[in-house]
Each structure stands twice: as C-alpha cells, then as structure tokens.
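Only one structure is covered here, and it is reproduced in the block below.
Atoms within a ligand are numbered from 1 in the order they appear, just like the ligands themselves.
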Amino acid sequence: MFEELVDIMVNCRRCAVLTGAGISAESGVPTFRGKEGLWGKFRPEELATMSAFMSNPKIVWEWYNWRRDLMAKVQPNPGHFALGEMEKAFEQFTLITQNVDGLHRQAGSENMLELHGNIHRNKCAECNAAVDGQIEIDPDDIPSCAQCGGSIRPDVVWFGEMLDADIIDAAFDAAQQAELFFSVGTSALVQPAASLPVVAKRAGSTLVEVNMERTPLSDLADFHFCGPSGELLPRLMELFRRRKDGGDGG
Ligand code: BV8
Ligand code: ZN
C-alpha cells in the first residue's frame, strides 16, 4: 500500500504537512463537519465569528469552555506521534495545522504553524493584547483587558478574520518549497488553509492525502489513502523506518 510512496519519501529532503480536525478525531475531539461534529449542534457563523461574540459573548464562551474542558481530557493519538517522528526524518519539515487543540505540540512536533490560533490562549477582543495564565473564563462575568478594557476572547482565528500574516506567509513558503506535501484529516474547505496543498502541488511537490473521505483535493493528489490517520500514518512511518534502516528491500 505505501511502498511506492516510501520510494519517494526516502529521496525527499523538504516535507510539509497540513492537518485538520480529522487528525484529532481518534483522540476523541469531534470534527467540525462530521455528523457528530462540533458544528452539528451549532453553525460556524453562530459561534466562531466576531459578530457572534459581540452579540452573544456568553454563548461563545460557553462553547469554548466546553471545548477546553473536552481537550483537557484528551491525549494525542498515534497519528500525532507519527507526525512527530516524521519531523525528524527530513532536513526541512513544517507542520501546518488548522487545529487549535495543541495536541501536535503535546505529541512532540516542534517546527509547527498554528494557522487558526490556540484554544488554550486568550487575548483582548479590542487591542489583541495577549492575556496569559488565566484560562477559566466565567461566561457570566467575562474579564476585561488590563490595557484597554476590551473583552477577553479565545486566541483563535474566527471566520471573516485575517490569519496572522507572518504565520500564513511561512505556511505558503513551506508549501512552495516542499518536495512532499501531506494533507491529513481535513475537508479542504476552509480558506486560505485549503490553498496550501494546491500551491505545493503546482510548485512540483508530490501531494499525499490521508483522510476518511474524498475531498476537493482528492483528484489533485498523487496518493489518496482513505482511512483513519491514527492507523495509516504509524503504518507508513513503520515501513519508512524499515526502509531507512535497510531492513526492508521491498
Ligand atoms: C479569511 C478556529 C480573509 C476557530 C477556524 C463566505 C463568507 C465568509 C467567509 C468566507 C466565505 N467564503 C470563504 C470565506 C473565507 C472563510 C472560509 O474559508 N469559509 C469556508 C467555510 C468556505 N475563511 C475565513 O474566514 C478565514 N479568514 O479568509 O480572512 C478575509 C477577511 C475578511 C473577510 C473575508 C476574508 C478564517 C478561517 C478560520 C476559521 N477558524 N477554526 C475554532 O476552532 O473555534 S476553522 C475550523 O475549520 C477549524 O480550524 C478546522 O480545522 C477548520 C477546517 O475544518 P477541518 O479541519 O477540515 O475539519 P472538518 O470537520 O471540516 O473535516 C475533517 C476531515 O477529517 C473530514 O474530511 C473527515 O472525513 C476527516 N476525518 C475524520 N476523522 C478522521 C478523518 N481523517 C483521518 N482520520 C480520521 N480519524
Ligand atoms: Zn485590550
């Protein structure tokens, strides 16, 4: 199943990976668009937008507190660890994640870009000042920014908000330079993240998709492996390791 891909991997020096909610699914974190998805109960526009926060900060904080509580109970799964191992196998490796759950860092990934922020961090909704430490936010008594008095919000990128310019630039650079680009556990719908695999492919990269279902990217990909990333990525790395150790000719 992976032999042809491993033949390519062993000759690549620059690799980049884009992950989405699917890679955290086997850790017990609901995905955004799956039937049990986070959005199942709500619509993105209702909650993950500045206008939702301005009009109903209480319900937005209730939702984020619910997700934070959930994430405090979950662990990285073998898919996260496989990407942590993959990072060490290439001269240049960049992990680009749309996820805000922090599980990649817990699994040992170092050179990574959090495109959509991090749910465990807070910031001021007015002046963007980082608010470290305080994690528990009472939706009925939302704290104010010490600098400007603005309301405190989760430090994530909402729909209609710009991504951090340095982070998205670094992500496109990594995609442009990659010889090998993996898209893992993402429906490839949300922009600008979903353009990264396309940029990589156009720049000559081998494009590999690991996902439970086909996506708008699947026809463009050189390889599409349909299945759970928590099983497929460890198997791929196992074969890659054996090939690197010279223990496996085929
Ligand atoms: C921007 C952080 C410039 C918050 C998120 C029309 C109106 C308004 C806006 C737009 C519009 N058209 C386009 C836009 C732009 C919009 C966008 O792309 N919308 C989409 C929905 C069409 N993008 C933006 O607004 C971005 N900003 O463009 O700024 C701008 C400025 C002003 C005005 C206009 C433009 C900001 C986007 C960031 C939004 N924030 N998250 C939070 O988390 O609370 S997005 C959210 O979706 C998450 O980050 C999530 O990661 C991301 C993408 O979803 P996926 O990760 O792909 O998850 P999903 O459930 O969809 O898919 C999971 C996949 O995994 C599935 O395919 C499933 O089969 C698979 N899977 C499941 N289990 C497994 C698995 N695969 C493998 N193994 C498994 N076990
Ligand atoms: Zn402020």
**Item:** R243 versus E3, closest heavy-atom pair with distance
**Value:** NH2-O, 3.9 Å
**Request:** Find all atoms of ligand 1 within a distance of less than 4.0 Å from any non-hydrogen atom belonging to G20, and give their numbers and elements.
**Result:** 56 (O)
**Asked** Has ligand 1 got any nitrogen or oxygen that is less than 3.5 angstrom from a nitrogen or oxygen of G185?
**Response** yes
**Prompt:** Can you list the ligand 1 atoms lying under 4.0 Å from a non-hydrogen atom of G227?
**Reply:** 77 (C), 78 (N)
**H80-S24 side chain donor-acceptor pair, cut-off 3.5 Å** = yes
**Asked** Do you reckon L217 sits in the same ILVMFWY cluster as V17, going by side-chain contacts under 4.5 Å, direct or chained?
**Response** no
**Item:** Side chains of L47 and I59 in contact at under 4.5 Å (non-hydrogen atoms)
**Value:** yes
**Item:** Distance filter under 4.0 Å to G160 heavy atoms, resulting ligand 1 atoms
**Value:** 24 (C), 25 (O), 31 (C), 32 (C), 33 (C)
**Item:** Atoms of the protein (N/O/S only) found under 2.8 Å from the Zn ion (ligand 2)
**Value:** C124 SG, C127 SG, C145 SG, C148 SG
**Fill in**
Per-atom filter on ligand 1: closer than 4.0 angstrom to a heavy atom of A21 are 55 (P), 56 (O), 58 (O)
**Request:** Give me the other members of the hydrophobic cluster that M212 sits in, counting Ile, Leu, Val, Met, Phe, Trp and Tyr linked by side-chain heavy atoms under 4.5 Å, directly or via other members.
**Result:** none
**Message:** Distance under 4.0 Å to a non-hydrogen atom of Y64: what atoms of ligand 1 satisfy this?
**Reply:** 4 (C), 42 (C), 44 (O)
Run the side-chain donor-acceptor check on residues 142-150: report pairs under 3.5 Å with partners two or more places apart or on a different chain.
none

**Message:** So if I count the atoms of ligand 1 from 1 in the order they appear, which ones are less than 4.0 Å from some heavy atom of E26?
**Reply:** 78 (N), 79 (C), 80 (N)
**Asked** Going by distance only, is there an N or O of T186 that falls short of 3.5 Å from an N or O of ligand 1?
**Response** yes
**Message:** I'd like to know if R67 pairs up with D101 as an ion pair, taking the criterion as any Lys NZ or Arg NE/NH1/NH2 lying under 4.0 Å from an Asp or Glu carboxylate oxygen.
**Reply:** no
**Message:** Looking only at distances, can you tell me whether any N or O atom of V157, backbone or side chain, sits closer than 3.5 Å to an N or O atom of ligand 1?
**Reply:** yes
**Message:** With clusters defined by side-chain heavy atoms of hydrophobic residues (ILVMFWY) lying less than 4.5 Å apart, directly or transitively, does L239 cluster with F182?
**Reply:** yes
**Message:** Using the rule that Ile, Leu, Val, Met, Phe, Trp and Tyr join whenever any side-chain heavy atoms are under 4.5 Å apart, tell me whether V184 and F90 fall into a single cluster.
**Reply:** yes
**Fill in**
Candidates E231, H116, R214, M212; heavy atom nearest atom 38 (C) of ligand 1 found on H116
**Request:** Check each of R67, Q191, E213 against atom 26 (C) of ligand 1 and report the one with the nearest heavy atom.
**Result:** Q191
**Request:** Compare all side-chain heavy atoms of L220 with those of P197 and state whether any distance is below 4.5 angstrom.
**Result:** no
**Asked** Between V100 and ligand 1, is there a nitrogen or oxygen pair with a distance under 3.5 Å?
**Response** no
**Message:** Would T215 count as a polar contact of ligand 1, with the cut-off being nitrogen or oxygen pairs under 3.5 Å?
**Reply:** no
**Message:** Can you tell whether the side chains of E161 and R153 come within less than 4.0 Å, N to carboxylate O?
**Reply:** yes
**Asked** Below 6.0 angstrom between ring centroids: does that apply to F2 and F225?
**Response** yes
**Message:** Give the atom numbers and elements of ligand 1 that come within less than 4.0 Å of a heavy atom of E161.
**Reply:** 1 (C), 26 (C), 27 (N), 29 (O), 36 (C)
**Item:** Sole residue of I168, N99, T97, V157 in side chain to side chain contact (heavy atoms under 4.5 Å, CB included) with L115
**Value:** I168
**Asked** So, is F32 polar-close to ligand 1, with some N/O to N/O distance under 3.5 Å?
**Response** yes
**Prompt:** Which atoms of ligand 1 are found less than 4.0 Å from any heavy atom of A25?
**Reply:** 73 (N)
**Any pair counted as salt bridge (Lys or Arg N to Asp or Glu O under 4.0 Å), so long as it reaches residues 184-212, sequence neighbours left out** = K201-D222
